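Notes to accompany the following structure.
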There are 2 protein chains.
Amino acid sequence: MHERLKPAGETRAADVLHRMRADIISCTLKPGAKLRFEGLRDIYAVSFSTLREALSRLVAEGLVVAEDQRGFVVAPVSIDDLTDLTYVRVLVERECVALAIKHGDDDWEAQIIGAFHRMDRLQNRLGSTYYLSEEWGKLHGEFHFSLVAACGSPNLLEIRQKLFERAHRYRRMSSQFRTKWRAKDVEHKMIMDAMIARDTARAMELIERHIRETTENVIKYAGHLFAAPDEQPRKRTAHAAE
Amino acid sequence: MHERLKPAGETRAADVLHRMRADIISCTLKPGAKLRFEGLRDIYAVSFSTLREALSRLVAEGLVVAEDQRGFVVAPVSIDDLTDLTYVRVLVERECVALAIKHGDDDWEAQIIGAFHRMDRLQNRLGSTYYLSEEWGKLHGEFHFSLVAACGSPNLLEIRQKLFERAHRYRRMSSQFRTKWRAKDVEHKMIMDAMIARDTARAMELIERHIRETTENVIKYAGHLFAAPDEQPRKRTAHAAE
DNA sequence: AAACGACGTAATTTCGAAAATGTAAATATT
DNA sequence: AATATTTACATTTTCGAAATTACGTCGTTT
C-alpha cells in the first residue's frame, strides 16, 4: 500500500497544478522567472505534456504568462499590476458583498461565524507572526470566501477567486518584510458583523477599505521588490538552478 | 514556398484553440456535447497532447468544462447561466464604459468611429440577414471592444473579453431562429455618440440596456433550446459522430 | 427475479523520444 | 572593424504508443 502518491481521484495534471500554484504564490517560483521544462520535470516528477497542461491552466489564472514559442514565465509583479488588480478587486468584491447580504440565509451566517472562529483561534495560537503561516493563509482565504459564498452568481464568484489568489501572492511578498502587523482580527470582525447585520453600505465600505489598506501596506513594505524585473541577463551556463 | 500550413509564428496548439473556440461559438460543436479525443483528432488533425492543451485553455475561458478523469464537454447552456452571465456583463461593461470615457483620447474616438463605419458598411451591404454573417460578428465584436479599449484596466478588459465571447455563443444560437432583427445600428450609434460626447451616465445606461435587450431576445427566440441537457442517454455504438 | 461482483472494452491520461524552433557563438563578407 | 551569414546547441513543441481509469455486459448469488 505504498502506491498512494496521487491524492486519490485526482489527475496528475491537477495535482501538479495545485503544487505549482502554491509555489508561485509562496514565491518559491519567483516572479518573472523562466520556467524551463527540464527543471520543472525534476521538481514535480511528471512528463512534458502533463507540465504543459498545468502551465496552460495557470496562464488562465494569470499566475503564468506564455510567450508564444518561447516557453513560460512566472507572471511578473509590478506596482501597476497591483494597482489595477486592486481596482478590479474592489469593484468585484463590493458587488459580491452586496449580493451575499441580499441572498444569504441562516446557514450562510453560520458558515461565516465558523470560518472566523477557526481563523481567530489559530491567530491567537500562533501569536504575532501568524501571518507567515501557510495554514493561516488558507483559513484567511476561506473566511473571505465564506463572506461572499451566498452571492448567488457563480461567474462573479469564480472571477473573485482568481483575483483573490493573485492578490494573495502580493500579500505573501510583503509579509516577510513586515515587523508589525495591523490588528487584522478587528477589521475582519467588523466586516463580519456588518454583513450579518445586513448593513450593505457599511459592509461594502469596510471591504473596500480592507482591500485598499492591504495594498498600501504591500507597496510600503514590498514595493522595493518590484523594481526592475526587465530581463535578467542570464548566461545559459548551468541550466535551471533556480 | 508551399509550406505555410500554419498561420506563421503561431503554435499548433494556439491554432487549434482558435478553431475550436470558433466551432463552439458557432455551435458546430453543440453545447453539452462530449468531446472525444478520437473524433477531435480527425477534425483538427493534431495529436492528443496538443488537443489537451487547447481544451485546457478553453476550460479557463468557460467554453469547455472538464470532468476529472472523464474527459471534456462543451460548456452547456441554460437560462440560469445566461441570466448570471448577463448580470456580470452589465456590472463589468458599465465600469469599462465609465473608465474609457474618463481616459479616452482623440485616437480612441477615431478608432471607435472607424470600427463603427466598418460594421455599418458591411451591415448595409449584407442586407437584412447581416446578423447571420460570421464576418459581421467579428466587426461587431471589434466595435464593442473599441468602445472600452481605452479603459486603462488590463484586468477588467480581459475579464470583459471572456464574458463577451461566452455571450456571443448565446447570440449566435438565437440569431438563426429570428425573422426580424431590431435596428441594432441605431442602438450602436447612440452608444457611440454618448461615449464620444463623454456623457458617462447616459453611455452606461445605454450599454446596460443593450446587453439586457439582447439577452431578452435570446431567451425569447432560443429559450426552447435550453430545455433539458441533463445527460443524453448515449449508447456507445457509433463513436464520435460529433 | 433482483442485486452484486468480475470481466472486457472503450475512453482518457501519461509518458519520453523525435521534430521544430529559437538563441548565441563562430565564421565569412563587405 | 562592423555587419551579415552560417553553424551548433539549448529549449520548446508535437507526436503516437503505453498505461491507467471508467463504463457497460455478463455471470453468479441470494
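Here is the naming used below: chain letters follow the sequence lines, and residue numbers restart at 1 for every chain. The model shown is predicted, which means the values in this text are computed figures rather than measured ones.
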Measure the distance from OH on B:Tyr44 to P on D:dC15 and round it to the nearest whole Å.
-> 15 Å

Output the single nucleotide from C:dG16, D:dG16, D:dT21 whose closest atom is nearest the side chain of B:Gln69.
-> D:dT21

Is a side-chain N or O of B:His140 found less than 3.5 angstrom from the main chain of B:Trp136, in a donor-acceptor match?
-> no

The correct set of residues in residues 49-58 of chain B placing a heavy atom under 4.0 Å from DNA chain D is B:Ser49, B:Thr50

Nearest whole angstrom, please: distance from the C1' of D:dT12 to the CZ of A:Arg36.
-> 11 Å

Between B:Glu142 and B:Lys138, does at least one N-O distance fall below 4.0 Å, as a salt bridge requires?
-> yes

Atom CZ of B:Arg41 and atom C1' of D:dG16: how far apart are they, to the nearest Å?
-> 7 Å

Residue-phosphate contact under 4.0 Å: B:Lys34 side-chain N/O, C:dA11 OP1/OP2 | no

Separation of B:Glu38 atom CD from D:dA22 atom P, in whole Å?
-> 20 Å

Check whether any side-chain heavy atom of A:Arg166 lies under 4.5 Å from a side-chain heavy atom of A:Asp81, and answer yes or no.
-> yes

Between C:dC15 (P) and A:Asp15 (CG): distance, integer Å | 11 Å

Could you state the atom-to-atom distance from CG of B:Leu35 to P of C:dT12 in whole Å?
-> 9 Å

Between the side chain of A:Tyr170 and the main-chain N/O of A:Ser78, is any donor-acceptor distance below 3.5 Å?
-> yes

Should the pair A:Glu134-A:Arg172 be classified as a salt bridge under the 4.0 Å nitrogen-to-oxygen rule?
-> yes

Do the side-chain N or O atoms of B:Arg70 get closer than 4.0 angstrom to the phosphate oxygens (OP1, OP2) of C:dT13?
-> no

Return the value, rounded to whole Å, for the distance between atom CG of B:Leu17 and atom P of D:dT14.
-> 12 Å

Let me know the distance between CD of A:Glu10 and C1' of C:dT12, rounded to the nearest Å.
-> 16 Å

Nearest of D:dT13, D:dA22, C:dA11 to any side-chain atom of A:Phe72?
-> D:dT13

OG1-CZ distance between B:Thr50 and A:Arg52, expressed to the nearest 0.5 angstrom = 8.0 Å

Using the ring of A:Phe145 (Phe, Tyr or Trp, six-membered ring only), decide whether A:Arg160 places NZ or CZ under 6.0 Å from its centre and within 45 degrees of its axis.
-> no

